[in-house]
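A short write-up of the structure that comes next.
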Amino acid sequence: MSTSGKLRVVLPDIMELVRPRRRLLAFGLVLMVVNRVSGLVLPASTKFLIDDVLGKHRLDMLAPLVLGVVAATATQGVTSYALTQLLSKSGQRLIAELRRKVQRHVGRLPVSYYDANKSGTLVARIMTDVEGVRNLIGTGLVEFVGGLMTAVIALVVLVRISPLMTGLALSFVIAFSFALKKAFTTIRPIFRERGKINADVSGRLTESLGGVRVVKGYHAEEREEGVFAKGVERLLNNVLQSLTAISFMSFSATLLLGVVGAVVMYVGARQIAAGSLTLGGFVTYTAFLAFLVAPVFQIVGIGTQLTDAIAGMERTREVMSEREEDQDPRRTVSLGQIRGEVKFENVNFAYEANKTVLSDFSFESKPGTVTALVGSSGSGKSTTIGLIAAFHVPSQGVVRVDGVDLSTVRLDSYRTQLGVVLQETFLFDGTIRENVAFSRPDATEEQIMEACRIARVDEFAEGFEKKYDTIVGERGVKLSGGQRQRVSIARAILANPRILILDEATSSLDSESEALIQEGLGYLMKGRTTFVIAHRLSTIRRADNILVVEAGRIVERGTHESLYAAGGRYYDLYTRQHGLEANLFLAPGEGGAEDPEGKAGSEARSANALSEAMRLIRG
């Protein structure tokens, strides 16, 4: 599609941006008219200076002529300053507004969109792609319109002075305009591709910096340098392509000016010799000719900016056309305070067509109970949790909360009653207090401190110089794993959720850290409907209901005692894992594979906070 075609596509978006600023732009155009007309006074005065003041010795005209030029120049300077202040600042405000708008929209897109797009790409959409819009609405467009208006005025003056020279000059300008159209058709895809490359390179760089410990841990700095270098090379090649096209257009424009100048010089000299053109008229003609040709040079500069801006608007439009989670027309039900009953009814789910992840999945969790999901990696445990959190909608079947189909529920009324504590704790680069309060920004200082006390955050926070105002660093890197997890638990406690999800919240911690957060987990789980993804099976022996998931199906369900006694899949997983733990951690004679319950010391060594927390709940 041509640039003009693409402009028509994004025109509704541009008009939406222009509409609230139409008065400002109209005033800018008025200032531009005054500015350009004032700029024509000086070249127009040369004819009177040469033909009348000097040629006819009319010195009485000199003072008014000079005063007129000074006044026009002052007017031009004032209007130029006003235009820059008015339109440039308005353009920057527009960019800020667009960034807020795009970020708000991206933040409300479903999880599946984030799964399909790199974070660096999304950052580029928010921060970079909107930059070019100032050329569509700011000074660039107004100056371009002003240049065209000046060219029209100049054309009228040029025709009055010499129709012959003007006709010849126009023929060259028209021929050059066709060449420009062809050049812009070639350069537009280059600018569009540049946005994609830039997003890819930025995305990989963001990942590399975020995973710097993994990179350094495997001494992969050189490999990452190579990956980044290839991306930079792709970007360089793209820029060089665009520079070649722009250089060709600049060369053509310069050539045009030279040819037109030579033609005017030849024809003008003959007309002066023939007496049909005065010397003052010729000097004025050459000055006004510059105003006719100048828009051509503006097209080269501003045209590439507009092409880049249109490409950025296209990419922004693609993001903005994605439907937000709550824009689903089915989501009309607003939940009040929920009890926390969760029920799966014959749920099937697939991320991609013909690749089923969950099949005929049915279970029920009563309010205040603990449901554990166990099974091998890739069996569908995390997908089940994602459906409970409403990150996804079942392909078939229904997920109900308190009897209401979750796919019809407004997410803002549901997720405010949901709490999540993940194995890989994510903290923002802020203070301990800010991270705890993230789940409930309106919480009082007393409520925040109470949550920190229950989660045992106070035990380490009070030891820091700035206490709860200590900066935790990006992803909480300045805290230990146990400290990060306690902050995460405090965050969940402060949220006071009715449904709680624990994705093996303590499996990566040492025994001492686990022991320290047992009380916090026990408080957090008490009276709430809790779902636990368990990799270490000793953690969920006191769960009310254990679901054994394999290949997207529930193959067994029950309590630890009933499943262990049945001798099925759960028994195999438990004895294999418990025997391995015993062999790894116990000295000879202390228990091991011969002791399937691990009572000779394995429990003491591998005691988990969730198991102890469930004991605390039950008194």
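With sequence neighbours excluded, the residues forming a salt bridge (Lys or Arg N to Asp or Glu O under 4.0 Å) with R99 are E131, listed by chain and number. With sequence neighbours excluded, no residue forms a side chain to side chain donor-acceptor pair (under 3.5 Å) with T356. Judged as a side chain to side chain contact (heavy atoms under 4.5 Å, CB included), and not counting sequence neighbours, the contacts of Y468 are I432, R433, M449, C452, V457, D458, A461, E462. For E97, the side chain to side chain donor-acceptor pair (under 3.5 Å) test picks out R21, with sequence neighbours left out. Residues satisfying the side chain to side chain donor-acceptor pair (under 3.5 Å) test with T559, not counting sequence neighbours, are S562. Checked against side chain to side chain contact (heavy atoms under 4.5 Å, CB included), K466 has the following partners two or more places apart in sequence or in another chain: D469, T470. The ring-ring contact (aromatic ring centres under 6.0 Å, His included) test applied to Y351 returns F349, H392, not counting sequence neighbours. For F428, the ring-ring contact (aromatic ring centres under 6.0 Å, His included) criterion is met by F426, F438, not counting sequence neighbours. Partners of D572 under the side chain to side chain donor-acceptor pair (under 3.5 Å) rule, at least two apart in sequence or in another chain, do not exist in this structure.
Counting only residues at least two apart or in different chains, salt bridge (charged side-chain N to carboxylate O under 4.0 Å, His left out) contacts with residues 101-113 comprise E16-K101, R104-E324. Listed by first and then second residue, the salt bridge (charged side-chain N to carboxylate O under 4.0 Å, His left out) pairs that reach into residues 546-568 are E550-R569, sequence neighbours excluded.
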Review item, side-chain donor-acceptor pairs of residues 403-411, under 3.5 Å, at least two apart:
{"from": "D405", "atom 1": "OD1", "to": "S407", "atom 2": "N", "distance (Å)": "3.0"}
{"from": "D405", "atom 1": "OD1", "to": "S407", "atom 2": "OG", "distance (Å)": "2.9"}
{"from": "D405", "atom 1": "OD2", "to": "S407", "atom 2": "OG", "distance (Å)": "3.1"}
{"from": "T408", "atom 1": "OG1", "to": "D405", "atom 2": "O", "distance (Å)": "2.7"}

